[in-house]
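To find a chain, count down the sequence lines: A is the first, B the second, and so on, and within it residues start at 1.
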Amino acid sequence: MTKADTAKDGQALAPEHGLDLLRRMLLIRRFEERAEEQYTRARIGGYCHLAIGEEAANVGAVDPMGDRDVLFASYRDHGAALAVGSEPAAVMAELFGRATGVAGGYGGSMHLLDVERRFLGGWGIVGGHLPIAVGAALALDYRGETGAVLCQFGDGATNTGGFHEALNLAAIWNLPIVFQAINNHYGMGTSVEQASAESEIFKRAAAYEMHGERVDGNDLEAVWSAADRLLRRARDERRPALLETVTYRHRGHSVADAGKVYRSPDEVEAWKARDPILRYAAVLMDRGALDEDAFAVLRKDVADEVTAAIGEAASAPAPDPDGLYAHVYGDAGSEAQFSRMRPAGPFGEREGTASWRR
Amino acid sequence: MTKADTAKDGQALAPEHGLDLLRRMLLIRRFEERAEEQYTRARIGGYCHLAIGEEAANVGAVDPMGDRDVLFASYRDHGAALAVGSEPAAVMAELFGRATGVAGGYGGSMHLLDVERRFLGGWGIVGGHLPIAVGAALALDYRGETGAVLCQFGDGATNTGGFHEALNLAAIWNLPIVFQAINNHYGMGTSVEQASAESEIFKRAAAYEMHGERVDGNDLEAVWSAADRLLRRARDERRPALLETVTYRHRGHSVADAGKVYRSPDEVEAWKARDPILRYAAVLMDRGALDEDAFAVLRKDVADEVTAAIGEAASAPAPDPDGLYAHVYGDAGSEAQFSRMRPAGPFGEREGTASWRR
Amino acid sequence: MAEVTYREALRRALDEELARDPDVFLMGEEIGRFEGSYKVTAGLWAKYGGTRVRETPISEEGFVGAGIGAAMLGLRPVVEIMTINFILPAMDMVVNHAAKVGAMFGGRVRVPMVIRTPGGAGAQLTAQHSQSLEVMFAHVPGLKVVAPSNPWDAYGMLKAAIRDDDPVLFLENLVLYNLTGEVPDEGADVVVPIGEAAVVREGSDLTIIAHSYTVRRALNVADRFNQEGISVEVVDLRSLRPLDIETCIASVRKTTRALVAEEGWATYGIGAEVAARLHRACFDDLDAPVERVGGAEAPMPYAKNLETAALASEDKIAAAARRLLADCGLAEAR
Amino acid sequence: MAEVTYREALRRALDEELARDPDVFLMGEEIGRFEGSYKVTAGLWAKYGGTRVRETPISEEGFVGAGIGAAMLGLRPVVEIMTINFILPAMDMVVNHAAKVGAMFGGRVRVPMVIRTPGGAGAQLTAQHSQSLEVMFAHVPGLKVVAPSNPWDAYGMLKAAIRDDDPVLFLENLVLYNLTGEVPDEGADVVVPIGEAAVVREGSDLTIIAHSYTVRRALNVADRFNQEGISVEVVDLRSLRPLDIETCIASVRKTTRALVAEEGWATYGIGAEVAARLHRACFDDLDAPVERVGGAEAPMPYAKNLETAALASEDKIAAAARRLLADCGLAEAR
Ligand SMILES: Cc1ncc(C[n+]2csc(CCOP(=O)(O)OP(=O)(O)O)c2C)c(N)n1
Ligand SMILES: Cc1ncc(C[n+]2csc(CCOP(=O)(O)OP(=O)(O)O)c2C)c(N)n1
Ligand SMILES: [Mg+2]
Ligand SMILES: [Mg+2]
């Protein structure tokens with residue numbers, strides 16, 4: 001379904017639609033706050049990259065996706081998963097490394113996905129998923145499907161070779177893809193100005209004769225209309241685009257980073273004052289679609305939902321330890337193919353390898 | 001020495017200077033014609049990529065280089081070597097795989113170099129030498145030397161990730177480097193229009209807030225003035241630039257390619273009519289600096305020089321076969337470091353490895 | 001049964017797979033109009049058009065990545081990397097991505113992609129164009145790596161690779177392209193399974209184990225020894241990951257002597273793994289330690305004499321075999 | 001002699017080399033203001049400034065290449081790759097370029113560059129962040145690869161690597177960073193040469209050979225067996241290319257039994273080469289085949305229980321050692 005109940009650039013979303021998106025942003029915010037807490041309680045391992053502050057960039061761009069559209073994200077992917085509608089309990093379970101997680105506990109925080117909702121993953125190598133997303137667009141085009149790809153990545157990714165090759169391929173092949181640069185001003189501790197010779201990222205689209213545009217990534221409806229327009233254009237006209245959504249991450253790069261060495265408290269405070277959620281809540285209040293009480297109810301609602309998700313995830317089982325090798329190969333013949341490799345195999349390759357004399 | 005006897009953009013080079021450059025272009029042309037012949041006579045092995053038609057792009061850009069400047073080239077590097085002043089006999093000897101070759105016979109056609117003349121090599125991986133050239137510029141800058149780097153590459157290289165990363169690094173670090181895209185319209189059988197979403201290559205400089213410019217690569221003086229100006233700017237102001245020189249290769253991609261499947265005879269003929277050498281000869285004749293006789297003498301001269309080079313190369317010895325491992329490691333301690341690796345080593349790693357019972 | 005070149009066997013397999021399954025498509029540099037740098041895709045662009053035989057810019061990372069993405073959506077891309085040397089810019093795509101997708105996402109999505117690429121040396125292509133890097137891929141769980149040595153296997157294993165649901169690195173060889181051999185009759189659609197080595201020459205005194213072009217060298221070495229009355233068995237690994245060590249073990253239990261030869265560098269090479277496993281499985285059977293031969297451990301030099309000295313030539317394989325046999329009292333040392 | 005962390009030992013070596021030689025400079029992501037993702041460069045940016053401690057964008061291919069070019073002009077870049085997983089986008093620079101320059105250009109120019117990067121797993125970083133890819137580099141002529149296991153060697157070998165005129169891949173380890181050990185006194189400027197393994201524990205019944213963090217595991221396993229009266233010798237390879245097989249051979253001739261353990265995948269891993277060479281050199285000495293242990297041959301899964309099962313843990317090394325010893329009648333099978 002390509003959302004039809006909505007508006008051209010500059011026009012407001014229908015009130016119910018707006019409330020729904022506000023709720024989704026609140027859900028992400030609450031989910032991330034609790035994930036942070038769960039991480040410090042060691043229920044979550046590995047890295048944990050929070051999207052607090054970037055909710056509008058996520059929800060605004062993902063919501064206009066249609067039924068045949070496909071989403072790719074970086075490792076900062078909790079927001080993407082929740083925006084696309086994955087179950088909070090299944091996402092939290094993945095963070096907890098449980099069998100009920102969206103990737104069965106194999107992926108963790110950085111590698112969420114939801115094939116049914118056409119979310120094809122969070123990816124850990126900066127810039128690495130851009131060429132892959134181009135391939136997904138190629139597949140849609142190859143099959144004559146009317147879907148498009150939305151590929152999210154950070155500002156830091158735009159300095160990788162993968163960015164350049166991906167955008168060039170998408171452009172020469174006229175592929176249906178929207179590259180969404182989530183410019184949160186930093187890649188770890190490195191500012192966009194320091195890392196990118198062209199710090200207005202959308203301008204790099206010109207090197208591929210591609211349309212580029214920048215929107216305020218903390219303005220939900222601005223993101224929404226731009227993404228909607230560019231996704232339609234990609235679907236209908238097979239024209240790729242680069243959409244830069246300018247936003248800020250309130251927290252450090254990951255839960256392990258305080259996020260303080262490389263930016264001033266003033267800067268962080270200034271951006272917190274532009275909180276995308278409070279801002280959109282104010283818009284809806286202005287329009288009479290929301291009041292303080294309703295807002296409080298929404299917040300309570302998502303808080304309960306996240307609490308329930310945590311409870312569900314915490315009581316879910318760990319993956320079957322025998323499943324260590326379960327998904328390494330998927331071809332039905334793989335077991336047979338590998339069977340002749342076992343004799344004399346180094347111990348550790350497959351448990352149960354026979355010792356030499358036996 | 002930064003050439004001082006010469007002119008601003010649009011001004012003519014001094015007559016003697018012009019004649020010298022004409023001679024150098026003729027030398028390259030003749031060298032390449034004879035290399036082609038020697039290749040078909042199997043005196044040259046491997047690949048052999050000729051620069052016939054691209055002489056002005058080579059000579060015009062290399063000549064303005066100063067004493068502290070450094071040159072990098074692709075595998076299509078005979079022209080670069082001769083432009084920078086390497087001995088034709090030593091270049092031909094390298095193509096013949098002789099000990100007197102510029103790389104001792106280890107490099108061959110694709111890997112010429114001449115450290116004394118600050119020519120740091122022909123490189124075989126498309127796009128691969130761009131980041132390396134950036135490192136050379138970084139070293140000049142690090143040491144406060146006033147030199148700059150001239151880095152030549154083909155149109156095809158601009159679609160590699162290495163191009164993007166190299167230009168971005170050069171720009172954010174304000175390095176003294178001129179990237180020279182030798183746009184000869186094709187990368188093997190693929191046209192620029194097919195491979196590059198932005199086929200006006202110089203425009204890609206904008207993605208790095210870098211100066212980009214295009215000149216007629218078959219107009220020697222146009223190339224010369226642009227290169228001179230951009231190299232000065234790089235040296236004096238530490239500002240990198242992208243210079244696109246538009247030209248054409250008369251021959252196929254390598255001697256093995258007839259160069260006919262992917263382009264029309266009309267196209268090839270039209271470009272031959274714009275031959276950079278004949279064109280510059282006509283300019284010099286117009287200026288009264290050259291007449292047909294003098295031109296014939298020049299041609300005879302370089303033909304003799306190349307014949308002599310071939311003779312010298314052909315009679316030069318092959319490299320010492322014991323030198324197979326001579327340059328793999330250069331550290332004085334390497335022999336000692338590796339000595340403890342030999343016992344029980346696989347045969348073939350180092351000749352003379354003792355068998356197990358001995 | 002027809003005799004065709006290795007190149008033609010590959011071309012046929014591609015043609016038949018393109019005709020059989022609309023999800024199969026080819027991608028790579030110069031594979032269209034130019035018909036492939038080594039002409040493996042000759043005629044296919046004309047026959048199937050630019051969508052199914054897709055020419056790419058010089059963007060190995062980009063189009064290998066695109067292959068992964070297309071495969072994740074169920075297509076079956078066959079990506080050509082012009083030579084294995086140029087796969088290095090795409091290494092991150094192969095090792096960090098193609099090999100990981102299946103397991104990392106808990107089996108929710110797979111990558112049925114083939115990467116075809118020739119390795120090998122011998123035409124004075126020098127250091128950056130003469131490598132055999134297959135062991136780097138054979139080391140990586142999540143990948144399969146095959147390396148057929150003859151037209152029949154090239155044809156049949158390419159079909160197997162294309163139909164496999166996992167990423168397969170399909171190693172070809174520059175010298176093999178022109179060598180001929182039998183292939184199945186047209187339309188016979190023979191699939192040679194992944195994961196099975198083959199005894200390509202029976203013998204009783206020594207087993208030479210090899211893959212890709214080196215199998216041809218091994219067969220010639222076997223011929224040489226045959227004239228001296230020494231019987232050499234040759235095992236063609238065909239598949240490097242999975243590795244069919246069973247077939248190697250059976251052969252070595254019989255011959256009690258083994259030599260592993262490869263075109264690439266032997267140290268940390270394919271032969272190291274084969275030798276280590278053979279020593280373990282045949283500890284009580286081996287008459288002498290497993291011998292290994294590889295290319296000189298140096299970037300390949302250009303000059304013909306140096307290159308010749310660097311190759312894992314028949315002479316070198318024969319010399320190593322002779323030493324081994326001499327140590328065991330079977331041949332005269334020379 | 002002071003006890004410091006492995007991290008601090010590295011930091012000191014960098015500090016002293018930066019002070020000693022103005023041609024030495026550092027490059028990498030987040031190594032400046034951020035002080036390094038793992039804080040190895042703490043304080044150096046403040047002390048030496050942004051030219052000598054140069055922060056880079058996320059452009060591994062670009063800045064490794066820049067290191068090569070700078071080294072060709074005589075500087076001594078020390079490039080940090082945040083973890084070894086991220087070296088894959090720069091693979092072409094390392095294998096096709098850094099390793100080739102010296103030989104390909106006939107020795108006219110060299111690349112005195114160090115690439116520092118940690119490998120390792122164990123903190124649930126999952127498939128794309130938990131690899132041990134060192135064997136891919138150890139395979140390549142033109143490179144040197146070292147992998148110290150303790151602060152002393154980390155300090156002394158980093159100095160050796162920086163002063164070496166060839167490209168050196170310097171493997172660190174995420175878990176080792178926090179482990180402590182002795183280092184030379186400040187200012188003592190001890191250089192630990194490349195290419196020499198070390199017997200870090202003497203023993204007589206079994207030799208365990210390892211590198212990097214796995215040496216620590218091996219030492220703990222040795223302690224365990226010690227309590228049972230079984231004497232385990234531990235050899236720390238320290239250098240993977242060149243490989244000091246002599247020291248391994250001497251040890252195995254003495255103990256007659258060997259196990260090679262590594263954190264990475266064992267198949268086509270470091271242990272394959274070591275085992276193959278040991279079998280050849282110690283053919284008549286070995287009481288049993290060389291045993292090998294590596295990480296599970298799967299992309300590293302996230303869930304703690306799966307990750308634990310995948311690691312080349314002390315338990316796994318001990319179990320393999322016990323089987324080997326039991327086969328030889330030295331220990332009870334369990
Ligand atoms: C190729 C590669 N290099 C380095 C890293 C380590 N790393 C992880 S996230 C990150 C910063 C990325 O910044 P950006 O793209 O702006 O995304 P953000 O974290 O701001 O969402 C870095 C350097 C990596 N994962 N991959
Ligand atoms: C990474 C890589 N991919 C493919 C090749 C094979 N190849 C050699 S030259 C070439 C075309 C390069 O075209 P261009 O950059 O325009 O240079 P030109 O040959 O026209 O001088 C290709 C594809 C290579 N050498 N390196
Ligand atoms: Mg960012
Ligand atoms: Mg070109």
Applying a strict 4.5 Å limit to non-hydrogen atoms, the region of D/A310 in contact with chain A is both

request  = Tell me yes or no: between the side chains of D/E80 and D/T41, is some donor less than 3.5 Å from an acceptor?
outcome  = no

The interface call for A/H111 against chain D, heavy-atom contacts under 4.5 Å, is side chain

From the list A/A103, A/G104, A/G105, the residue making the most non-hydrogen contacts under 4.5 Å with chain D is A/G105

query = Is the shortest distance from a Lys or Arg side-chain nitrogen in D/R322 or D/D315 to a carboxylate oxygen in the other one below 4.0 Å?
reply = no

Counting heavy-atom pairs under 4.5 Å with chain A, the top scorer among D/G122, D/P301, D/S37, D/S130 is D/P301

Derivation of the salt bridge (charged side-chain N to carboxylate O under 4.0 Å, His left out) call for D/R224 and D/E314: CA-CA 10 Å; D/R224 290 198 203 176; D/E314 286 171 24; 3.7 Å; yes

| said: I'd like to know if A/E94 and A/R98 make a salt bridge, using a cut-off of under 4.0 Å between side-chain N and carboxylate O. | reply: no

Query - Under-4.0 Å salt bridge between A/K203 and A/E244 - result: no

Of the listed D/E35, D/M300, D/K304, D/E55, the one with the largest count of heavy-atom pairs under 4.5 Å with chain A is D/E55

Honestly, the part of D/S59 sitting under 4.5 Å from a heavy atom of chain A is both

In terms of heavy-atom contacts, A/T190 and D/E30 come closest through OG1-OE2, 2.7 Å

If one checks every heavy atom of A/D320 against chain D at 4.5 Å, the contacting part turns out to be backbone

Heaviest contributor of heavy-atom pairs below 4.5 Å to chain D, chosen from A/A157, A/G45, A/A318, is A/G45

I'd like to know if A/E335 and A/R342 make a salt bridge, using a cut-off of under 4.0 Å between side-chain N and carboxylate O. yes

* Asked: Backbone N or O of A/E312 within a donor-acceptor pair of the A/S315 side chain at under 3.5 Å?
  -> yes

Between A/E54 and A/Y248, the two heavy atoms sitting closest are CG-O, 3.6 Å

Most heavy-atom pairs under 4.5 Å with chain A, out of D/N305, D/L88, D/N85, belong to D/N305

The interface call for A/Y75 against chain D, heavy-atom contacts under 4.5 Å, is neither

Ranking D/E61, D/R33, D/H129 by heavy-atom pairs under 4.5 Å to chain A gives rank one to D/H129

The interface call for D/F34 against chain A, heavy-atom contacts under 4.5 Å, is side chain

Pair count under 4.5 Å, heavy atoms only, with chain D: among A/I44, A/N159, A/T158, A/V261, highest is A/N159

